[in-house]
Amino acid sequence: MEPDLTLCPLARVIAAKIIITAVLWAPLVIPHPVVFWLLDVPVPQPLLFANLLGAAYLALLAGYVAGLRDARSGRYPALVVRIGIVSNGLAALILASYGLSGAWNSWSCRGQVAMWGSLIATIGLTTGFIRYRRRG
C-alpha cells in the first residue's frame, strides 16, 4: 500500500506537537520545581497538580506518537486530529484569557515569552489540525 502523501503536512503538524509537548510540557511530571525554574515562572503549590498535568501530557504524547505513525504510513489519524483540535484549542483559549488579563505581567521576561510563545504555538497547532481534518 502506497502512503497517502496528502498526509505529509498533517504528519508535520503532529511532529511539531510532539516536540513542543516533549520539550516544554511533559517534563512537568518531574516531581521537582526545576521546570518552573528553567522557564522562570512561579512554582505552583502544591506541585502535585503540575505533576499530574505532566502525566496527562505524557499520555497525550503517546497518542500523538501513534497518530504520527499512522499518518506516515498513509492512515488518517482521525482521533488524534480531534484530540489535537480540542486540546490545543482549549489551551489557546485559556492562555489568551490569562495573557490578556495580565496574569503574567509581573513575571520575568523569559516567563512571559514562554507563555506568549505557548499561546502562539497552540493557535498554530490548532489551526494545523483544523486545516487537515477530514469531515464525514
Side-chain angles (χ1 to χ4, degrees):
M1 172 179 172
E2 287 291 312
D4 182 350
L5 296 180
T6 63
L7 294 178
C8 290
L10 175 58
R12 287 193 286 276
V13 172
I14 297 170
K17 175 59 181 173
I18 289 169
I19 293 166
I20 292 167
T21 302
V23 171
L24 290 179
W25 304 118
L28 292 176
V29 76
I30 299 169
H32 192 278
V34 67
V35 175
F36 301 96
W37 297 343
L38 291 172
L39 293 174
D40 203 13
V41 298
V43 177
Q45 294 299 324
L47 197 54
L48 166 69
F49 295 109
N51 297 148
L52 290 171
L53 182 60
Y57 283 129
L58 284 173
L60 280 171
L61 206 51
Y64 285 121
V65 167
L68 180 61
R69 275 194 222 126
D70 283 348
R72 285 187 171 163
S73 64
R75 292 183 304 274
Y76 181 71
L79 184 59
V80 168
V81 171
R82 282 189 218 111
I83 289 169
I85 292 169
V86 172
S87 173
N88 291 286
L90 288 174
L93 290 173
I94 292 166
L95 287 165
S97 172
Y98 275 81
L100 295 173
S101 73
W104 52 68
N105 285 352
S106 64
W107 294 9
S108 71
C109 181
R110 186 174 4 153
Q112 290 186 46
V113 166
M115 296 289 86
W116 289 112
S118 293
L119 173 58
I120 292 165
T122 55
I123 290 170
L125 289 165
T126 303
T127 303
F129 282 117
I130 288 171
R131 181 175 181 195
Y132 298 110
R133 79 181 185 280
R134 290 186 180 166
R135 296 185 174 114

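Hydrogens, waters and symmetry mates are skipped; everything else that's a heavy atom, side chains included, is used.
Residues L119 and L95 come closest through the heavy atom pair N-CD1, 3.7 Å. Nearest heavy-atom pair across T122 and A91 is CG2-CB, 4.0 Å. Looking at every heavy atom in both residues, W104 comes nearest to Q112 through O-CG, 3.2 Å. Nearest approach of I123 to A92, heavy atoms of both residues: CG1-CB, 3.9 Å.
No continuous path of hydrophobic side-chain contacts links I94 to V113 [ILVMFWY only; heavy atoms under 4.5 Å]. Hydrophobic cluster membership differs between L48 and V29, with clusters built from Ile, Leu, Val, Met, Phe, Trp and Tyr side chains linked at under 4.5 angstrom. Taking hydrophobic clusters as Ile, Leu, Val, Met, Phe, Trp and Tyr residues chained together by side-chain heavy-atom distances below 4.5 Å, Y132 shares a cluster with L79. V34 and L52 end up in different hydrophobic clusters when Ile, Leu, Val, Met, Phe, Trp and Tyr side chains are linked at under 4.5 Å. Placement of I120 and V23 in two distinct hydrophobic clusters is found when ILVMFWY residues are connected by side-chain heavy-atom separations under 4.5 Å, directly or transitively.
Between the side chain of S87 and the backbone N or O of G84, no donor-acceptor pair lies under 3.5 Å. Put simply, the side chain of S97 never gets that close to the backbone of L93: no donor and acceptor are under 3.5 Å apart. For R133 (side chain) and I130 (main-chain N/O), a donor-acceptor pair under 3.5 Å exists by modelled atom type. Distance alone, capped at 3.5 Å, places no donor-acceptor pair between the T21 side chain and the I18 backbone. One N or O on the side chain of N51 and one on the backbone of L28 form a donor-acceptor pair closer than 3.5 Å.
Scanning for side chain to side chain contact (heavy atoms under 4.5 Å, CB included) contacts around S108 gives D40, R110, with sequence neighbours left out.
Looking at V43 and W37, their side chains come closer than 4.5 Å, going by heavy atoms from C-beta outward. Taking the side chain as every heavy atom from C-beta outward, R72 and L68 approach each other to under 4.5 Å. With a 4.5 Å cut-off on side-chain heavy atoms, Y76 and L10 count as touching. Proximity of L24 to L39: side-chain heavy atoms (C-beta onward) are separated by under 4.5 Å at one or more points.
The aromatic rings of Y57 and W25 sit tilted relative to each other, their planes meeting at an angle between 30° and 60°.
Taking CG of L90 as the start and CD1 of I85 as the end, the distance is 11.5 Å to the nearest 0.5 Å.
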Can you check side-chain contact (heavy atoms from CB on, under 4.5 Å) on D70 and V80, steps first, answer last? CA-CA 10 Å; D70 283 348; V80 168; over 6 Å; no

